[in-house]
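Have a look at the structure below, then the notes.
Note that the structure is predicted; figures quoted are calculated from it, not measured.
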2 protein chains.
Amino acid sequence: MSDFMARVYVTPRPSVRDPEGSTIMEGLHQLGFSGVQMVRAGRYFEIMLQAGDSHQAEQTVDLMCRKLLANPVVEQYRFDLQLEATSE
Amino acid sequence: MSDFMARVYVTPRPSVRDPEGSTIMEGLHQLGFSGVQMVRAGRYFEIMLQAGDSHQAEQTVDLMCRKLLANPVVEQYRFDLQLEATSE
């Protein structure tokens, strides 16, 4: 078994309204950051997991995203995987 | 002026309790993902901004993080910058 670190990025789909991002953009403008043109607000997860190999880890994280971490109707996700340690 | 895309990652400091991450880990275990050993839940922002150059963009995004996007007492942040377009 190996230990993997998965970094998961969940963002609103481009066609979906993002009220949190809009609110943050307004806040940045009010603070004087006038150069800000667009803000999209999403979520970020760091997940340490054990898996037999990187292919299995990738399949597992993809399933986690679809079952719990993201709402595929309105959100999209991507992730990267990093091998942390390998043991017997 | 140039357009930059900043990708900002905000996570709880390692020494700070992360109840959202703990809840998500329990949920993953209940769904059968028994290999999950740790979950940290954070936030992710995509910000399009105009700046004179990459150094100015970096300073601006760092200030945004400290003033609005992250709470430095309990959160840490990092970001990367990508040049999208340059105009007159």
Side-chain angles (χ1 to χ4, degrees), chain A residues 1-12 14 18 20-53 56-57 59-70 75-80 84-85, chain B residues 1-12 14 18 20-53 56-57 59-70 75-80 84-85:
Chain A
M1 296 292 277
S2 299
D3 293 336
F4 293 88
M5 170 66 92
R7 293 183 175 83
V8 180
Y9 313 90
V10 179
T11 48
D18 175 17
E20 185 183 351
S22 301
T23 302
I24 290 166
M25 188 166 74
E26 286 167 25
L28 289 170
H29 287 166
Q30 283 170 17
L31 287 171
F33 296 105
S34 55
V36 176
Q37 298 173 303
M38 189 273 299
V39 178
R40 302 289 280 176
R43 287 171 294 129
Y44 170 63
F45 304 100
E46 292 177 348
I47 300 175
M48 189 74 82
L49 75 154
Q50 284 198 319
D53 56 31
Q56 193 201 324
Q59 287 191 313
T60 302
V61 175
D62 191 67
L63 203 55
M64 285 179 196
C65 290
R66 284 187 281 126
K67 284 200 166 182
L68 188 77
L69 301 176
E75 292 174 325
Q76 59 195 8
Y77 62 86
R78 62 188 167 82
F79 60 86
D80 51 60
E84 295 283 314
Chain B
M1 297 292 277
S2 299
D3 294 334
F4 293 89
M5 168 67 91
R7 293 183 176 81
V8 180
Y9 314 90
V10 179
T11 48
D18 174 16
E20 185 184 351
S22 302
T23 302
I24 290 167
M25 188 166 75
E26 286 168 25
L28 289 171
H29 287 165
Q30 284 170 16
L31 286 171
F33 295 106
S34 55
V36 175
Q37 297 174 306
M38 188 273 297
V39 177
R40 301 290 280 177
R43 286 170 296 127
Y44 169 63
F45 304 100
E46 291 176 348
I47 300 176
M48 189 75 81
L49 74 155
Q50 284 199 320
D53 56 31
Q56 192 200 327
Q59 286 191 315
T60 301
V61 174
D62 192 66
L63 203 56
M64 284 180 198
C65 289
R66 285 187 280 125
K67 285 201 164 180
L68 188 77
L69 301 176
E75 292 175 324
Q76 59 194 9
Y77 63 86
R78 60 189 168 81
F79 61 86
D80 52 61
E84 295 282 314

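Between A/Glu46 and B/Thr11, the closest side-chain pair of non-hydrogen atoms falls below 4.5 Å. Considering only heavy atoms from C-beta on, B/Met64 comes within 4.5 Å of A/Val36 through its side chain.
Contacts of B/Ser34 with chain A are absent, with no heavy-atom separation under 4.5 Å from either backbone or side chain. With a 4.5 Å cut-off on non-hydrogen atoms, B/Ala41 touches chain A through its backbone and its side chain both. With a 4.5 angstrom heavy-atom cutoff, B/Leu69 touches chain A only via side-chain atoms. Residue B/Phe33 touches chain A through its side chain alone, counting heavy-atom pairs closer than 4.5 Å.
Atom CE of residue B/Met25 and atom CG of residue A/Leu68 lie 13.0 Å apart, to the nearest 0.5 angstrom. Atom CD1 in A/Ile47 sits 13.0 Å away from atom CZ in B/Arg40 (nearest 0.5 Å). Between B/Gln50 atom CD and A/Gln37 atom CD the span is 4.0 Å, to the nearest 0.5 Å.
Heavy-atom minimum distance, A/Tyr44 versus B/Arg43: CB-O, 3.7 Å.
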Any chance you could lay out the side chain to side chain contact (heavy atoms under 4.5 Å, CB included) test for B/Ile24 and A/Phe45, step after step, and finish with the verdict?
CA-CA 10 Å; B/Ile24 290 167; A/Phe45 304 100; 3.3 Å; yes
Walk me through whether B/Met38 and A/Leu49 qualify under side chain to side chain contact (heavy atoms under 4.5 Å, CB included).
CA-CA 7 Å; B/Met38 188 273 297; A/Leu49 75 154; over 6 Å; no
